[in-house]
Visitor: 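Here it is, the structure in full.
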Amino acid sequence: MDVIPWRADRALLVGGRERPPIHFCRDQCVDASRLLSRILTDRMRDMLADLWPLYGLTIATPHLQLRLPREEELAALADLAGQGVHRPGERPFLTPWTDGSYADRARSVLQGHWDQLASWDVAAWQLGMGVFRAGQPIGKVTLRARDFPVVRQVTTSAWLGVDHQGRGYGTEARAGLLTLAFDHLGATAALTEVFQDNHSSQGVSRKLGYEHDGISVDARDGEAVVSDRLRLTLQRWRQHKLPAVTVDGMDACRASFGL
């Protein structure tokens, strides 16, 4: 075990009497350094939440936590997206996730997240929250709205890393986001658009009570593709049995949503 002497060249005078030099174990110094780093990190997070209250907003479900990612967590999310959010040969989203390189996909996540924060406005906002499982990022969910204090409608979208799909996390994450929208923001309806061949997202929407609300047509890979427009009303939301969800930090964020 390495030992670091403190004032080892001379004895320490205490109350006029000499005491032997004090020695600290190197492990103790490392532990103290880690503790100081943790304290400083926690303090910076508190300051960030004071200046931008949305950083203090968290949604907890039985297996997940939804919140704004910090920079190092954002990098991990970007890496996750860079590795892929759907399997080769699939195109479940309008965003061409399989086009370009790993770096292109990762950078698009960074740019999109920073843009959402920088352009935040009561009249038009996008809340992109990281989805964390046991402290590790597994995807991202986004809640969007325009003129929300008047219209009271939100739109949702989401993606998960390929390795985290098919385990119910998508449904649980969307339920957490909708709990924020309906039970804490006062939304009257939630909307989403899903390709008709995106069976997993269609299944999540059906589980949560969405109903058909028309169609939209977009261009995908040079061809017209039909999406189902789906709507979940507050009444339908309250009729479904949902996982327990806890939302913290909402009071400090009310002004950010114009409430």
Side-chain angles (χ1 to χ4, degrees), residues 59 61-66 69 77-78 80-100 105 108-109 112-113 116 126-133 137-146 153-182 187-221 223-234 236-237 239-243 245:
I59 304 171
T61 69
H63 303 100
L64 307 171
Q65 185 185 61
L66 314 181
L77 274 172
L80 189 67
Q83 296 177 46
V85 300
H86 60 78
R87 290 170 178 80
E90 298 178 350
R91 180 72 185 276
F93 305 111
L94 192 59
T95 301
W97 283 102
T98 52
D99 290 357
R105 294 189 291 272
S108 71
V109 172
H113 181 76
Q116 289 173 5
Q126 300 182 67
L127 179 63
M129 309 187 86
V131 180
F132 295 87
R133 164 72 169 155
I138 66 170
K140 187 177 181 181
V141 291
T142 302
L143 191 69
R144 300 177 174 86
R146 286 186 174 275
Q153 292 189 153
V154 297
T155 301
T156 64
S157 61
W159 60 264
L160 296 178
V162 172
D163 292 340
H164 306 287
Q165 297 173 13
R167 304 183 184 184
Y169 297 148
T171 302
E172 192 170 317
R174 179 109 63 99
L177 202 61
L178 292 171
T179 298
L180 172 67
F182 285 118
T188 58
L191 315 175
T192 191
E193 293 192 10
V194 187
F195 287 151
Q196 292 180 337
D197 58 3
N198 186 345
H199 303 298
S200 60
S201 186
Q202 290 271 3
V204 169
S205 298
R206 285 195 298 270
K207 288 178 185 177
L208 293 171
Y210 284 78
E211 297 177 296
H212 193 260
D213 192 42
I215 64 169
S216 62
V217 181
D218 295 288
R220 182 180 67 177
D221 296 333
E223 298 181 351
V225 60
V226 177
S227 292
D228 287 325
R229 288 204 310 261
L230 306 174
R231 175 185 293 269
L232 175 62
T233 63
L234 177 60
R236 290 274 295 176
W237 166 255
Q239 290 173 353
H240 277 69
K241 184 178 180 180
L242 300 163
V245 176

Visitor: Out of the candidates Ser157, Ser216, Ser227, only one should pair with Glu193 under the side chain to side chain donor-acceptor pair (under 3.5 Å) rule; please name it.
Guide: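 The side chain to side chain donor-acceptor pair (under 3.5 Å) with Glu193 is passed solely by Ser216 among Ser157, Ser216, Ser227.
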
Visitor: For the atom pair CG (Leu160) and CG (Leu80), what is the distance rounded to the nearest 0.5 Å?
Guide: 8.5 Å

Visitor: With heavy-atom distances below 4.5 Å as the criterion, would you say the side chains of Leu180 and Leu66 are in contact?
Guide: no

Visitor: Pick out which of His63, Arg174, His164, Arg133 makes a side chain to side chain donor-acceptor pair (under 3.5 Å) with Tyr169.
Guide: Arg133

Visitor: Please name the pair of heavy atoms, one in Asp228 and one in His212, separated by the smallest distance, quoted to 0.1 Å.
Guide: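 Closest approach of Asp228 to His212, heavy atoms only: OD1-NE2, 3.4 Å.
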
Visitor: CZ/Arg144 to CD/Gln153 distance, rounded to the nearest 0.5 angstrom?
Guide: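 Taking CZ in Arg144 and CD in Gln153, the distance rounds to 15.5 Å.
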
Visitor: Testing the basics here: between Ala173 and Leu64, what is the closest heavy-atom pair and its distance to 0.1 Å?
Guide: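 Smallest heavy-atom distance, with atoms named: N-CD1, 3.8 Å.
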
Visitor: Report yes if the side chains of Leu77 and Trp159 come closer than 4.5 Å at any heavy-atom pair, otherwise no.
Guide: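 With C-beta onward as the side chain, the pair touches.
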
Visitor: Could you report the tightest heavy-atom contact between Thr188 and Phe182, atom names first, then the distance?
Guide: C-CE2, 3.8 Å

Visitor: So, Arg231 side chain and Leu191 main chain: donor-acceptor pair closer than 3.5 Å or not?
Guide: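 Not a single qualifying donor-acceptor pair exists.
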
Visitor: Can you confirm whether Pro243 sits close enough to Thr61 that some side-chain heavy atom of one is under 4.5 Å from a side-chain heavy atom of the other?
Guide: no

Visitor: Tell me, do Pro69 and Phe132 make a side-chain contact under 4.5 Å, heavy atoms counted?
Guide: yes

Visitor: Between Leu178, Val154, Thr192, Thr156, which is the residue that forms a side chain to side chain contact (heavy atoms under 4.5 Å, CB included) with Leu232?
Guide: Leu178

Visitor: Which atoms form the tightest heavy-atom contact between Gln116 and Leu127, and what is the distance?
Guide: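 For Gln116 and Leu127, the tightest heavy-atom pair comes out as OE1-C, 4.4 Å.
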
Visitor: So for atom CZ, which belongs to Arg229, do other residues, nucleotides or ligands contribute more than 12 heavy atoms lying within a distance under 6.0 Å?
Guide: yes

Visitor: To check you understand the geometry: which heavy-atom pair defines the closest contact between Ala224 and Val217, and what is its length?
Guide: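 That would be CB-CG1, 4.0 Å.
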
Visitor: About how many Å separate NZ of Lys207 and CD of Glu172, when rounded to the nearest 0.5 Å?
Guide: 11.0 Å

Visitor: Rounded to the nearest 0.5 Å, what separates atom CD in Gln202 from atom CG in Leu230?
Guide: 5.5 Å

Visitor: Quick one, Leu208 with Leu242, criterion side chain to side chain contact (heavy atoms under 4.5 Å, CB included). Give me CA distance, side-chain angles, the key distance, then yes/no.
Guide: CA-CA 8 Å; Leu208 293 171; Leu242 300 163; 3.9 Å; yes

Visitor: To the nearest 0.5 Å, what is the distance between OG on Ser205 and CD on Glu211?
Guide: 12.0 Å

